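Here is the structure we will look at, set down as structure tokens.
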Amino acid sequence: MSINGNFGLMVQIPEAVLQTFADAFVRQQASQFVFTLNRQLQLPGFDVSMASLFGVQLHSPRLTLVTPDEIDLSLQVVASGALQTRIAALPNGPAPSQPPEIDIALVGDITIRVRGVYIANGDKRSLYLDLRALDVTSFALGIDNQNISLPQPALDVLSAVVRRAAIAILVNRVGLIPISWSLGTTIPFLGNIGLQVNFYYKIVHSGSNRALALCLQVMGEAVDLNAVQYALAMPTDVGVFVDLAVIQFALRKLEHSLEGYPVKPGSGGIVGDLIFHDAHFSVQPPYFVIDEIKVQSRTLQKVEEVVERVICTALDPCNSWCRKVFETVIKWVQLDQLFHASGKARPYILNGQLRVEASDVDIDPSFPFAVLIFTGAEALIPLGGTIALILMVIGKILADKTVTGIVDQQSWGLVIDQPLEGTGLRVHAEAREIDWPSGCLALMSSVSLSRAAVT
């Protein structure tokens with residue numbers, strides 16, 4: 001069993017990053033963390049009226065992960081109130097002196113324990129703290145202003161009122177706090193796998209370092225949530241872990257999609273369609289292995305057909321000796337196959353971008369125009385998932401700056417670029433390094449938040 005419990009995709013988010021998510025949400029939704037109580041009380045038999053204004057606000061969240069699946073959320077509590085009493089004059093009597101207005105300020109904190117819940121948004125899911133089923137683990141409140149003194153029974157009553165107001169804020173006004181971006185069937189580095197996904201989560205730790213592990217079962221694989229382990233290279237990393245079985249599955253899809261896949265370069269008047277055939281890949285950490293890939297030229301194949309149809313038919317209608325001559329020519333220039341390649345390519349990260357070391361890939365060029373056709377390529381190459389890596393390998397082994405440049409400019413960069421619901425912010429994760437822990441490919445990334453674009 002690997003460190004990811006055989007889950008096809010696992011994302012580990014450290015506690016410090018989750019704290020920034022909680023801070024951003026509470027700051028953006030500050031109006032939801034306020035409860036105001038305004039009451040009027042009339043005592044008609046005594047011609048006395050009393051008005052009270054009482055407000056409770058929660059702020060400064062502090063988030064603590066608790067194994068195996070609970071989270072403590074502490075917030076500071078600020079309560080303030082004013083009591084104003086008015087006594088009307090009795091008939092034929094003087095106006096009485098009015099009692100002074102009483103102002104009181106209270107401060108404290110409340111800590112609740114909650115669990116996470118995945119909330120659907122289309123075919124994607126985000127993990128939220130579910131405050132609707134909270135458990136209050138601690139609550140403390142004291143008088144903040146120095147000129148007020150209350151007997152303990154009165155303070156107990158006020159504490160009970162503030163506690164109930166704080167719970168009402170969290171359960172009824174807030175309800176859910178997002179602690180992850182949307183997750184779905186698109187896996188960084190691989191693209192869309194097109195499979196049904198089941199969602200789980202677990203709190204993991206190593207010493208004092210704690211992280212939230214978001215676990216996705218993507219291929220119906222046999223999984224073990226208890227086997228999921230803390231696996232971040234640095235306490236500030238966000239780690240994306242892709243199971244090797246999922247990578248192999250993606251490579252099979254890549255092999256199928258590459259069959260007949262056209263690349264349309266042109267150079268110096270030589271224009272041709274290059275197409276891939278018989279691609280076979282595997283993963284052997286820390287390498288992607290190109291067992292074989294053939295590159296052919298559709299245009300040159302068409303030339304072959306024209307030569308055979310026009311020249312041979314004209315010179316030798318019976319197609320006897322011309323066919324033999326033509327086959328000899330074909331073998332000499334090998335129009336059918338420009339080259340094939342095999343070997344190992346090691347992916348790595350440089351300045352947040354995918355790169356590949358292809359020095360261990362062997363190429364057998366069988367046609368001298370192969371390099372010329374690639375050199376100076378101007379057509380845009382559509383990229384997606386691991387095809388960027390394969391095309392980059394081809395660029396490397398042909399020493400072709402143009403193909404490599406196209407891939408460098410368009411290939412996958414950010415591991416994560418998703419909105420964080422309710423905050424007006426987007427989460428960006430830029431890859432820092434590629435690692436290969438037990439049974440996985442891991443992308444260790446640094447995270448930042450930016451203001452979401454207004455649409």
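Every heavy atom of this structure was used, including side-chain atoms; hydrogens, water molecules and symmetry mates were not. This chain uses plain numbering: 1 for the first residue, then up along the sequence. All values reported here derive from a predicted model rather than from experimental measurement.
Ion pair Asp69/Arg115 flagged as a salt bridge, since at least one NZ, NE, NH1 or NH2 atom sits closer than 4.0 Å to an Asp/Glu carboxylate oxygen.
His428 and Ser450 are linked by a side-chain donor-acceptor pair at a separation below 3.5 angstrom, with hydrogens and angles left out of the test. With no hydrogens or angles considered, a side-chain donor-acceptor pair links Ser182 and Ser126 at under 3.5 Å.
Side-chain atoms of Asn4 come within 3.5 Å of backbone N or O of Phe7 as a donor-acceptor pair. Here the side chain of Lys202 pairs a donor or acceptor atom with the backbone of Asn226 at under 3.5 angstrom. Remark: the backbone N or O of Tyr200 is paired with a side-chain donor or acceptor of Tyr118 at under 3.5 angstrom. For the pair Glu221 (side chain) and Met219 (backbone), a donor-acceptor distance under 3.5 Å is present.
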Show the atom names and distances, to 0.1 Å, of all donor-acceptor pairs under 3.5 Å that link a side chain in residues 22-30 to residues at least two apart or in another chain.
unit_1 : atom_1 : unit_2 : atom_2 : d
Asp23  : OD1    : Gln19  : NE2    : 3.0
Gln29  : NE2    : Gly422 : O      : 2.8

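The 12-atom threshold is not exceeded at CZ of Arg163, counting heavy atoms of other residues, nucleotides or ligands nearer than 6.0 Å. Other residues, nucleotides and ligands contribute only 12 or fewer heavy atoms inside 6.0 Å of the CZ atom of Arg164.
Residues passing the side chain to side chain donor-acceptor pair (under 3.5 Å) test with Asn198, sequence neighbours excluded: Gln217. Taking Asp72 as the reference, Arg113 meet the side chain to side chain donor-acceptor pair (under 3.5 Å) condition, with sequence neighbours excluded.
Side-chain contact check for Ile177 versus Leu73: some heavy-atom pair is nearer than 4.5 Å.
For the side-chain contact (heavy atoms from CB on, under 4.5 Å) with Leu129, the lone residue among Leu18, Val114, Ile112 that qualifies is Val114.
Closest of all the heavy-atom pairs between Gly8 and Val218 is CA-CG2, 3.7 Å. Counting all heavy atoms, side chain and backbone alike, Asn121 lies closest to Glu421 at ND2-OE2, 4.3 Å.
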